[in-house]
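Side chains are part of it too, since the values below use all heavy atoms of this structure and drop only hydrogens, waters and symmetry mates. In this text, all values refer to a predicted model and were calculated from it rather than measured experimentally. Counting starts at 1 for both ligands and their atoms, following the listed order.
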Amino acid sequence: MTVHINYKNSAIKKTANNLILFVGDNFDISGVKKVITSSEFSYISELLKNSDLKKDVLFFEINSKRTIFLIPIKKNLIISDIENLGAKFHNYINYDKKSNYIINSDTANSKIENFLGYFLHGLKLKSYEFNIYKSKKKKHVVVIDVIGIKNKISTQNQLRFKALEEGTFFTRDLVSEPGNVLHPDEYAKRLNSLKKNGLKVKIYNTKKLKKLGMNALLGVGQGSVRGSYLVTIEWNGKNKNSKPLAFVGKGVCFDTGGYSLKPAKFMEDMTYDMAGSATVVGLMKNLAIRKAKINAVGVVGLVENMVSGNAQRPGDIVKSYSGKTIEILNTDAEGRLVLADALTFTEKKFKPQFIVDLATLTGAIIVSLGSEYAGLFSNNNKLSKQLLDSGEKVQEKLWRMPLHENYDKLINSKNADMQNINYVGGAGSTTAAQFLQRFILNKTPWAHLDIAGMAFSKYGGALNSGGATGYGVKLLNQLIEDDYE
Ligand code: BES
Ligand code: MN
Ligand code: ZN
């Protein structure tokens with residue numbers, strides 16, 4: 001469903017079509033007497049006597065053209081409850097099948113600032129669907145006019161929500177695209193189009209990467225008929241001297257596993273193995289749309305992990321951009337190879353305040369945390385705390401996992417400086433993170449988010465209807481707003 005929200009800031013028409021009203025706890029409707037007709041008021045009062053007042057929404061069909069929805073503002077709501085309420089309301093209008101609604105902001109009286117903004121934000125996030133490849137599209141377009149003169153959402157806040165929605169939807173679009181469409185060549189092209197949003201985009205193609213010595217990244221992509229890329233996306237919302245915040249993402253457009261081939265059942269999901277990069281891209285788009293007052297840079301490594309006569313072999317040894325050599329024992333542990341070069345490059349070129357990387361890096365993090373928390377690995381307690389707090393606020397939760405030098409030892413190699421999988425089993429997500437840490441050369445505060453369990457949802461969650469979730473855009477935006485802007 002496509003939902004358009006128009007802010008009208010006009011007075012309320014009593015008899016306008018489908019009306020959405022907020023009422024008091026337990027469906028106390030005394031506050032809405034003025035905005036509906038007296039016969040509607042007595043009709044609804046009568047029906048409420050036999051209604052389930054525990055519901056989040058009740059609706060009353062007045063006639064074929066007019067339904068009145070009542071949504072109680074319960075006590076002690078927090079922001080995430082309000083977003084979830086908006087998302088639940090989406091199911092009602094989806095069921096209702098009407099196209100035009102009016103929401104009365106005058107009734108949205110809550111102690112929480114921007115109550116109506118969060119409600120509509122939740123509704124909008126939940127409404128996303130990816131249907132561009134359905135030849136018979138469900139064309140359900142819903143228009144919600146926001147009228148009323150109290151509880152206005154300032155233009156600045158409207159822009160903030162819009163930026164988050166567009167950023168998240170861009171991430172979801174990229175993650176949803178199949179591997180035959182969004183291969184590295186096409187992905188790089190789409191990123192180039194972000195220039196129109198005021199972002200500075202620089203594309204390093206295979207030839208340039210060879211010159212730079214990014215052989216860890218290039219080794220992963222060498223079996224593909226597509227190119228391999230590193231793309232930097234800069235947003236400068238502050239003066240030049242302010243060090244940027246850096247976000248790095250794994251962009252494996254498809255992960256077959258390479259010669260360490262994945263079984264069919266594990267391979268079919270691997271079109272979303274570029275979700276880390278897509279989150280970085282969506283975040284940057286969001287920052288540009290809302291003109292964030294910070295400097296930030298997104299760096300993504302785009303490759304396709306394929307099998308061919310030219311693909312990487314188990315046992316190959318490559319020299320990374322950092323100068324460290326890596327023995328590739330398993331070609332399916334490819335994300336860390338892409339990130340290794342991207343991390344060193346980012347630290348060296350941008351000298352950022354911190355680096356946060358995101359990657360669908362290990363199946364092991366799904367074993368540990370399922371689809372409830374992403375794994376957080378970090379060399380810095382302050383950055384960790386900030387991330388944990390932001391995650392709780394926006395319902396994109398993180399759980400901190402350990403790093404330790406004893407885990408680090410497990411990736412030492414006989415033949416090279418390190419190997420890309422550990423030589424004893426266990427702690428697969430941590431050893432992957434230890435591998436990444438070896439490519440942070442100058443002690444920059446760094447956090448790695450393993451989002452393998454979060455980027456895609458089969459059955460949907462509070463703020464998505466299933467498919468690509470866009471996990472991480474809201475989280476990192478919150479981190480920036482709360483601690484760096
Ligand atoms: N992209 C996968 C991780 C993954 C698995 C993401 C399931 C989403 C869902 C990654 O490249 C991978 O294959 N990791 C291996 C590492 C192993 C070879 C050490 C894994 O987790 O099995
Ligand atoms: Mn893999
Ligand atoms: Zn992968």
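Lys393 and Asp389 are not joined by a salt bridge, as no carboxylate oxygen comes within less than 4.0 angstrom of a charged side-chain nitrogen. Taking 4.0 Å as the cut-off between side-chain N and carboxylate O, Lys74 and Asp56 count as a salt-bridged pair. With respect to the salt-bridge test (charged N to carboxylate O, under 4.0 angstrom), the residues Lys134 and Glu129 do not qualify. Using a 4.0 Å cut-off between charged side-chain N and carboxylate O, Glu405 and Lys409 make no salt bridge.
The N, O or S atom of Glu334 lying closest to the Mn ion (ligand 2) is OE1. Of all the N, O or S atoms in Glu334, the one closest to the Zn ion (ligand 3) is OE2. Minimum-distance N/O/S atom of Asp255 relative to the Zn ion (ligand 3): OD2. Nearest N/O/S atom of Asp255 with respect to the Mn ion (ligand 2) is recorded as OD2. Per residue Asp273, closest N, O or S atom to the Zn ion (ligand 3): atom name OD2.
Residue contact check: Glu334 has heavy atoms under 4.0 Å from atoms 11 (O) of ligand 1. Listed by number with element, the atoms of ligand 1 under 4.0 angstrom from any heavy atom of Thr362 are 3 (C), 21 (O). Of all atoms in ligand 1, listed by their number and element, those nearer than 4.0 Å to a heavy atom of Tyr272 are 8 (C), 9 (C). Near Ile421, meaning under 4.0 Å from any of its heavy atoms, are these atoms of ligand 1: 19 (C).
Taking distance alone, with nitrogen or oxygen atoms compared against 3.5 Å, Lys250 approaches ligand 1 more closely than that limit. Below 3.5 Å of separation, one finds no N or O of Arg336 facing any N or O of ligand 1. Taking distance alone, with nitrogen or oxygen atoms compared against 3.5 Å, Ala452 stays at or beyond that limit from ligand 1.
Side-chain N or O atoms of Asp357 include none that pairs as donor or acceptor with a backbone N or O of Val248 at under 3.5 Å. No donor-acceptor distance shorter than 3.5 angstrom exists from the side chain of Glu327 to the backbone of Ile317, with no hydrogens or angles considered. Of the possible donor and acceptor atoms, none in the side chain of Asn420 sits under 3.5 Å from a partner among the backbone N and O of Ile328. A distance-only check finds no donor-acceptor pair linking the side chain of Gln437 to the backbone of Asn379 [under 3.5 Å]. Formation of a donor-acceptor pair under 3.5 Å by the Asp273 side chain with backbone atoms of Met270 is not found in this model.
Of the N and O atoms on the side chains of Thr168 and Tyr128, not one donor lies less than 3.5 Å from an acceptor on the other residue. At a cut-off of 3.5 Å, with distance as the only test, no side-chain donor of Thr469 or Asn464 sits close to an acceptor on the other residue.
In terms of protein heavy-atom proximity, atom 2 (C) of ligand 1 is nearest to Asp255 OD2, 3.7 Å. Protein heavy atom in closest approach to atom 14 (N) of ligand 1: Leu361 O, 3.5 Å. Ranking protein heavy atoms by distance to atom 1 (N) of ligand 1, first place goes to Asp273 OD1, 2.8 Å. Given atom 15 (C) of ligand 1, the protein heavy atom at minimum distance is Asp332 O, 4.1 Å. Nearest protein heavy-atom neighbour of atom 7 (C) of ligand 1: Met270 CE, 3.7 Å. The nearest heavy-atom contact from the protein to atom 20 (C) of ligand 1 is Gly363 N, 3.9 Å. Annotation: atom 18 (C) of ligand 1 to nearest protein heavy atom, Asn330 ND2, 3.5 Å.
Glu83 pairs in a side chain to side chain donor-acceptor pair (under 3.5 Å) with only one of the listed residues (Lys126, Lys474, Lys124), which is Lys474.
For Ile366, the closest heavy-atom approach to ligand 1 falls below 4.0 Å. Ligand 1 lies out of reach of Asp269, whose nearest heavy atom is not under 4.0 Å from it.
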*Stepwise, does the ring pair (Phe, Tyr, Trp, His ring centres under 6.0 Å) test hold for Phe456 with Tyr471?*
CA-CA 8 Å; Phe456 195 88; Tyr471 177 96; over 10 Å; no
*asked:* If you apply the rule ring pair (Phe, Tyr, Trp, His ring centres under 6.0 Å), what do you find for Phe354 with Phe247, and how did you get there?
replied: CA-CA 8 Å; Phe354 67 63; Phe247 302 94; 5.7 Å; yes
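Residue contacts with ligand 1, taken as heavy atom pairs separated by less than 4.0 Å, do not involve Phe266 at all.
Within a 4.0 Å radius of atom 22 (O) of ligand 1, the protein contributes no heavy atom.
Note on Val252: not counted as a metal contact of the Zn ion (ligand 3), no N/O/S atom lying under 2.8 Å.
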